[in-house]
There are 2 protein chains.
Amino acid sequence: MISERQAKEREFRKEQILEGALIVFKSQGLERTTMDEIARESDFGKATLYYYFSSKEEIFIELLDRGWKMIWESIEPIIHGKDQPKDTFINSLIIIGGLVTENQVLFEFLFTAPQTMPITLLESKPTWKNYQNKMYGVFQGLLEEGISKGEFPQMRSDLMMRAIGGLFHGLFFLGHGKKPVSADTMEDFISDFIGKTLK
Amino acid sequence: MISERQAKEREFRKEQILEGALIVFKSQGLERTTMDEIARESDFGKATLYYYFSSKEEIFIELLDRGWKMIWESIEPIIHGKDQPKDTFINSLIIIGGLVTENQVLFEFLFTAPQTMPITLLESKPTWKNYQNKMYGVFQGLLEEGISKGEFPQMRSDLMMRAIGGLFHGLFFLGHGKKPVSADTMEDFISDFIGKTLK
DNA sequence: TTATGTTTCGAATTTATGTTCGAAATTTAA
DNA sequence: TTAAATTTCGAACATAAATTCGAAACATAA
């Protein structure tokens with residue numbers, strides 16, 4: 001039988017492991033990350049990792065699930081608010097921008113990990129993918145609504161969605177050199193680019 | 001001693017191997033690609049691959065080198081032409097767009113591979129990276145020149161470069177689902193987006 | 001034809017690393 | 001205090017896949 005406190009400690013240790021794993025995954029990617037490195041980084045024995053997680057993939061997936069859940073939950077209230085599409089859209093982007101600057105390492109991982117992931121991990125219909133789909137769906141819906149109401153200029157919303165996906169990606173990488181963006185640049189970027197393009 | 005014809009045949013076989021490797025790398029990434037698969041795809045024995053290349057990484061690098069060389073050489077004449085910055089800029093993008101639609105598989109690889117690549121492969125200052133840097137440098141230079149001449153609206157050229165990097169990336173992926181873009185979409189995209197934003 | 005150079009590849013070798021095992025350490029609760 | 005439950009982890013195991021080996025096939029040129 002596990003007490004409340006024990007459960008909390010167990011959860012805390014999971015988080016410690018996830019934190020260490022994030023650092024390694026972010027710099028090495030799924031394949032090149034070894035359980036030895038995660039163990040070293042999180043300061044547990046390698047076998048202990050298997051006490052908390054059943055495999056390396058599970059750790060990876062859990063990072064994505066928790067991260068995307070956080071994103072979704074942070075924009076949900078705004079989405080369900082009563083603002084006009086354009087305001088909802090821009091406010092959501094600003095919220096996400098804020099999260100990103102708070103949490104560079106995590107977000108760089110969230111936005112880039114899916115591209116380096118084996119297809120098998122997508123076929124299991126993971127939780128994080130649902131949140132991601134919901135989010136993209138909402139954004140595209142807002143764009144379309146905004147266009148039909150004349151709040152946005154006439155444009156192909158699917159193309160614009162591609163651009164936005166690319167833009168968020170571009171926040172982290174210039175060209176393909178690995179040079180993370182600063183908080184200021186991020187602010188500038190949103191107000192400058194989104195502002196000019198959509199207003 | 002190797003005759004001219006032998007050299008050509010050898011080069012041809014290298015190309016066969018690279019062609020097979022591209023298919024596998026593109027769908028599996030560097031890590032999950034096995035020499036067995038490259039051998040099967042290119043229809044050589046596994047050991048034969050080592051006769052032509054010294055390692056799996058070398059094959060990967062050679063694909064990047066040849067690809068980026070091709071991009072650079074295709075825009076170089078335009079860059080050295082006498083057009084105004086804005087025209088040079090847009091024409092270069094159009095050229096690249098053309099190459100991309102001709103060569104989807106290769107370009108998807110060229111634009112996405114660097115993100116999945118171990119840092120060690122970047123530390124060796126590879127040839128392809130030089131071409132890439134030259135290209136980005138030229139683009140940023142054109143932007144700055146165009147801004148100062150009033151051909152482009154006032155903007156922060158470094159931010160716009162980030163956007164452009166992201167846009168090219170976004171051509172291939174919507175969100176993070178692996179759904180390559182069609183040739184038409186690509187056309188639309190360039191004329192629609194670049195047109196609206198820069199003109 | 002034959003000797004020399006070139007190319008091919010199946011099988012063996014090596015290495016890296018994900019996962020499991022089993023015993024020890026620690027914590028909990030009576 | 002002590003026994004049961006929980007947590008920890010070093011060492012062993014298993015496997016996949018990169019690379020090498022060595023011999024055979026093939027081509028070339030005298």
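Note on naming: letters A, B, ... go to the chains in the order of the sequence lines (proteins, then strands), and numbering restarts at 1 for each one.
Here chain A contacts DNA chain C (any atom closer than 4.0 Å to a heavy atom, that is under 4.0 Å), and the contacts span dT17(C) to dT28(C) from 5' to 3'.
In this model, a side-chain donor or acceptor of K46(B) finds a partner on the base of dT19(D) within 3.5 Å.
Residue T48(B) is classed as a base contact, given a heavy-atom separation below 4.0 Å to a base. Y52(B) comes within 4.0 angstrom of sugar-phosphate atoms only, judged by non-hydrogen atoms across all strands, and of no base. Nucleic acid contact for S54(A): none, since no nucleic acid atom lies under 4.0 Å from a heavy atom of the residue.
We find that NZ of K56(A) is positioned 15 Å from P of dA16(D), with the value rounded to whole Å. If you measure from atom CZ of F53(B) to atom C1' of dA18(D), you get 16 Å, rounded to the nearest angstrom. To the nearest angstrom, P of dA18(D) lies 22 Å from OH of Y51(B). For the pair Q16(A) CD and dT8(D) P, the interatomic distance rounds to 11 Å; values are reported in whole Å. The CD-P distance, from Q6(A) to dA4(D), rounds to 17 Å in whole Å. Going from atom CD of E37(B) over to atom P of dA17(D) covers 8 Å, rounded to whole Å. R10(A) has its CZ atom 11 Å from the C1' atom of dA5(D), to the nearest Å. One atom, CD of E58(B), and another, C1' of dA18(D), lie 14 Å apart when rounded to the nearest Å.
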* To do: Report the C-alpha distance between R66(A) and E15(A) in whole Å, list the side-chain angles of each, state the deciding distance to 0.1 Å, and finish with yes or no for side-chain contact (heavy atoms from CB on, under 4.5 Å).
  => CA-CA 11 Å; R66(A) 291 177 180 222; E15(A) 279 164 14; 3.6 Å; yes
* Can you check ring-ring contact (aromatic ring centres under 6.0 Å, His included) on F53(A) and F60(A), steps first, answer last? -> CA-CA 10 Å; F53(A) 298 93; F60(A) 189 85; over 10 Å; no
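For the atom pair NZ of K26(A) and CG of L110(A), the computed distance is 12.0 Å after rounding to the nearest 0.5 Å. One finds the CD1 atom of I79(B) at 11.0 Å from the CG atom of N91(B) (value rounded to the nearest 0.5 Å).
Within a 6.0 Å sphere centred on CD of E73(A), other residues, nucleotides and ligands contribute more than 12 heavy atoms.
Classification of K14(B) and E62(B) as a salt-bridged pair holds, one side-chain N sitting under 4.0 Å from a carboxylate O.
Side-chain atoms of K149(B) and P85(B), non-hydrogen and from C-beta on, do get closer than 4.5 Å to each other.
In this model, the phosphate group of dT19(D) is approached by a side-chain N or O of Y50(B) to a distance below 4.0 Å at OP1 or OP2.
Base pairing analysis places dA30(D) opposite dT1(C); the two distances defining the Watson-Crick or G-U wobble pair are each below 3.5 Å.
Sequence order on DNA chain D of the closest nucleotides to S55(B) and A47(A) puts A47(A) first from the 5' end.
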